[in-house]
There are 2 protein chains.
Amino acid sequence: MIQIRPSQAAGRRPAPRRVTLRELAAHAGVSRSTVSLVLRESPLVAALTRARVRESMAATGYVYDRGAARLRSGVSQAIGLVISEITNPFYAELTAGIDAVLDRAGWVAFLANTGDRTDRQERFLQRMREQKADGVLLCPASGTEAARLGEIAASGLPIVQILRRTGPMQGDYVGPDYRIGMALAVEHLCVRGHVRIGLIASDRRNSASRERLEGLTESLTRHGLTPALVAPCESSRAKAAALAASLMDRTDPPTALICHNDVIALGMLSGLQRLGRRPGSDVALIGFDNINECCTSIPALSSIATQPAEIGAAAADLLLRRIADPTGAPEQILLPPRLVIRET
Amino acid sequence: MIQIRPSQAAGRRPAPRRVTLRELAAHAGVSRSTVSLVLRESPLVAALTRARVRESMAATGYVYDRGAARLRSGVSQAIGLVISEITNPFYAELTAGIDAVLDRAGWVAFLANTGDRTDRQERFLQRMREQKADGVLLCPASGTEAARLGEIAASGLPIVQILRRTGPMQGDYVGPDYRIGMALAVEHLCVRGHVRIGLIASDRRNSASRERLEGLTESLTRHGLTPALVAPCESSRAKAAALAASLMDRTDPPTALICHNDVIALGMLSGLQRLGRRPGSDVALIGFDNINECCTSIPALSSIATQPAEIGAAAADLLLRRIADPTGAPEQILLPPRLVIRET
DNA sequence: GCAAGAATTTGGAATGATCCAAATCAGACC
DNA sequence: GGTCTGATTTGGATCATTCCAAATTCTTGC
């Protein structure tokens, strides 16, 4: 797996050796230590010296070697980002929010897309330890064991979980408040007189699904109701569209559907339409996440807005704080969603 | 920017020091060099010795330090991935394709989202050099200067461009064959008797836009036609929807529209519908990229399929080859699109 | 039992930065 | 001029690995 001497290819272009800190120091006529202090913006060096070193940097085209620095200092300015399903637009927005914060702070992120599989996740976490990332933002794949994450965290790699949390929620976590989201949706539907409300759910083995279901049940209970149905569905338009028929064939079909996310809701939307049902009048339909597409679908999809970019930003922020202070008290940050009512 | 001693936080959890190769060697009763060879799967070591070292690895919980290895060997097994617009589903698919290849090969990627701005791109490329990535997959931001990329490549950081290419296309590049895509669409439309065919375009300063326009013009010329209109539009549903009215208000409105990408096409789709036009019968509408959403929009969007995951995989493949052999001849790989006709 | 050759194993130097304690420098004051 | 003090600057050790040439061990044939 680790390559030995990857065919060094007897450089025709002779791979122009980089200027090192040592050479830079010689060029500026100061010691290595002084240059190092300048690089790290230390206030210890005299203004004049700093200026001279800066000039030499420009003149020689010096490039800082963060890897070498990391070896001694222990800080790599890099984190891992583990996403379970990057092709879902929601995660793309989340990623953009994270990326913006990291860029501003001068950090970089390793990206991995697990496809919600624990083996890929495990492999990637291992690589993060090998690369000595300073921390990891993790949306744990369904089926991740809390104990395993505990081990990794204990080995000195701070983890902030996003969107989903494993086990007894004690570590750092940032995500939407799914319960409030469900409460908003249920409230809205009950006011309109809906009584048979169903949930198109997802994999029960992750907290994001469980919390949605619990939120729904609690909210319905407050109105003296129970879920009319709970149908699991993979997160894909096609699967959701296909599911529509079997739901509507029932003897007592639901009058309102809340979907685990917008991808499913949009699939359901077109599935229902192909069956000749008109979402919004025949059947109420509410998605989750409020991705861009909701505004332009026909009819426009109502959705519970979870503000992925803000969640990403808050998570990145928290991870950087945790890296700076590994012993601080764990934080659980829940961002309240809003309900965006459109035509369905 | 570079932090000095980020508040080492007087470890309560005492940050369990990692086992080093030296300690591992002692545990296994061999030399550092031998352990190093085992780690790199060298055939030089005796099977028995290898087994012993492997046992010790498991027993001590050793974690390879790729950063330290890189310092000596020069290979980091990490690359940079620079995307211009991650929230576009097309790029998300592309990223997934890249990620799959890298994962299989045991590499990791640094991710950056430039938002199509050259300053962010420049900043990120600088960080890649500091982190000593072995290479970069780059979708150059509009306005990127070819000379700048040349400099960077000459400094020893291999670059494979994806989707867009700057300047005289001489470096490594992987992307769809936009011209063929346009030819397919034009052919299809002309056969149906369309004569007034328009293009909803994008920023002209990148090759992906220029090649689309050129492809369209060439294909139309072969039919003795010229573009009925070329309207620039930002890559957003809302902007595209808003644009619809002004297009249809013309005295001689186009009967067919080809859109720069599906995001724009879907915005246009709903914009047209709100104006009371029926895409597919009143106006032909063809998108570009064939993202998932095309199948489930109502009416289903016809689109030129560019197979992002395959492009990503091919690009990652090429970059790994280029890293292994920096002196090889540059390759330009164009993947032929297919036309997927649906309801519009 | 020994030489030759192949198969393994090894220790010192190197990679490019930071850390740290100690050295040097510059003023201020007597 | 000498001493004290605070501000700068410095060199040697160190971080965890690989490289390389040389040393050691094992086979084989006579």
Side-chain angles (χ1 to χ4, degrees), chain A residues 2-6 8 15 17-53 56-57 60-78 129-132 134 156, chain B residues 2-6 8 15 17-53 57 60-78 129-132 156:
Chain A
I2 302 168
Q3 301 178 349
I4 297 196
R5 272 272 167 201
Q8 194 77 314
R17 225 179 39 69
R18 299 226 282 207
V19 179
T20 83
L21 178 142
R22 183 169 237 116
E23 293 162 341
L24 177 53
H27 186 278
V30 295
S31 72
R32 292 172 0 259
S33 304
T34 304
V35 171
S36 177
L37 290 171
V38 172
L39 290 174
R40 289 174 292 155
E41 323 242 280
S42 162
L44 285 181
V45 292
L48 210 77
T49 317
R50 177 163 38 236
R52 197 139 41 93
V53 173
S56 295
M57 271 199 268
T60 58
Y62 172 75
V63 176
Y64 186 66
D65 187 327
R66 218 174 278 269
R70 192 276 292 164
L71 192 54
R72 189 74 241 262
S73 72
V75 179
S76 63
Q77 305 247 70
R129 298 164 76 196
E130 293 187 353
Q131 299 275 2
K132 274 225 137 209
D134 293 329
Chain B
I2 303 167
Q3 301 178 350
I4 296 195
R5 272 271 170 203
Q8 196 76 314
R17 224 179 39 69
R18 300 226 280 207
V19 179
T20 81
L21 178 144
R22 180 168 240 118
E23 293 161 340
L24 176 53
H27 188 276
V30 294
S31 73
R32 286 168 8 255
S33 304
T34 304
V35 171
S36 176
L37 290 171
V38 171
L39 290 174
R40 289 174 293 155
E41 323 242 278
S42 160
L44 286 181
V45 294
L48 210 76
T49 317
R50 179 167 31 243
R52 196 139 42 93
V53 173
M57 271 199 270
T60 58
Y62 172 75
V63 176
Y64 187 63
D65 187 326
R66 218 175 277 268
R70 193 276 291 163
L71 191 55
R72 187 75 242 257
S73 73
V75 180
S76 62
Q77 305 247 67
R129 297 163 77 198
E130 294 187 354
Q131 299 275 3
K132 274 222 138 212

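Order of the sequence lines sets the chain letters (A, B, ...), proteins ahead of strands, with each chain counted from 1. The structure displayed is predicted, hence computed values, not measured ones.
Rounded to the nearest 0.5 angstrom, A:Glu23 CD and A:Thr20 OG1 are separated by 4.0 Å.
With axes fitted over five pairs at each extremity, the angle between the ends of the helix from C:dG1-D:dC30 to C:dC30-D:dG1 is 50° (10° resolution).
Contact check for B:Val53 versus B:Arg50: no side-chain heavy atoms found under the 4.5 Å cut-off. Side-chain atoms of A:Tyr62 and A:Leu39, non-hydrogen and from C-beta on, do get closer than 4.5 Å to each other. Residues A:Arg18 and B:Lys132 have side chains in contact (heavy-atom distance under 4.5 Å, counting atoms from C-beta outward). Considering only heavy atoms from C-beta on, B:Asp65 comes within 4.5 Å of A:Arg70 through its side chain. Within the 4.5 Å cutoff, the side chain of B:Val45 has no heavy atoms near those of the B:Val30 side chain.
Nucleotide D:dT17 holds its C1' atom 12 Å from the CZ atom of B:Arg66, rounded to whole Å. In this structure, B:Arg40 places its CZ atom 12 Å from P of D:dT17, rounding to the nearest Å. Atom pair B:Leu39:CG and D:dT17:P shows a separation of 8 Å (rounding to whole Å applied). Counting to the nearest Å, the C1' atom of C:dG16 and the NZ atom of B:Lys132 are 10 Å from each other. Atom CZ in A:Arg18 sits roughly 8 Å away from atom P in C:dA17 (whole-Å rounding). For B:Leu71 and D:dT14, the CG to C1' distance is 12 Å, given to the nearest whole Å. If you measure from atom OH of B:Tyr62 to atom C1' of D:dA16, you get 7 Å, rounded to the nearest angstrom.
Take A:Ser31 and apply the side chain to side chain donor-acceptor pair (under 3.5 Å) test, not counting sequence neighbours, and it matches A:Thr34. The side chain to side chain donor-acceptor pair (under 3.5 Å) search around A:Ser36 returns A:Arg40, not counting sequence neighbours.
Taking every side-chain heavy atom of B:Ala69 into account, D:dT17 is the closest of C:dA17, D:dG11, D:dT17. Comparing C:dT10, C:dA13, D:dG11 by their nearest atom to the side chain of A:Arg32 picks out D:dG11.
Looking at A:Asp134, its side chain does come within 3.5 Å of a backbone N or O of A:Ser76 through a donor-acceptor pair.
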Q.
Between A:Arg32 and A:Val35, does the side-chain contact (heavy atoms from CB on, under 4.5 Å) criterion hold? Intermediate values first, please.
A. CA-CA 5 Å; A:Arg32 292 172 0 259; A:Val35 171; 5.8 Å; no

Q.
Using the rule given for side-chain contact (heavy atoms from CB on, under 4.5 Å), can you reason through A:Met57 versus A:Val38, listing the C-alpha separation, both sets of side-chain angles and the distance that settles it, and then say yes or no?
A. CA-CA 10 Å; A:Met57 271 199 268; A:Val38 172; 4.2 Å; yes

Kindly give the atom pairs (protein nitrogen or oxygen, nucleotide nitrogen or oxygen) under 3.5 Å for nucleotides 7-9 of chain D.
{"unit_1": "D:dT9", "atom_1": "OP1", "unit_2": "A:Thr49", "atom_2": "OG1", "d": "2.5"}
{"unit_1": "D:dT9", "atom_1": "OP2", "unit_2": "A:Ala46", "atom_2": "N", "d": "3.1"}

With the criterion being N/O to N/O and under 3.5 Å, what pairs connect the protein with nucleotides 24-26 of chain D, and how long is each?
none

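Here A:Arg70 lies out of heavy-atom contact (under 4.0 Å) with every strand.
Residue A:Arg72 places a side-chain atom within donor-acceptor reach of the base of C:dT18, judged by atom type and a 3.5 Å distance cut-off alone.
Less than 4.0 Å separates DNA chain D from no heavy atom of any residue of residues 19-29 of chain A.
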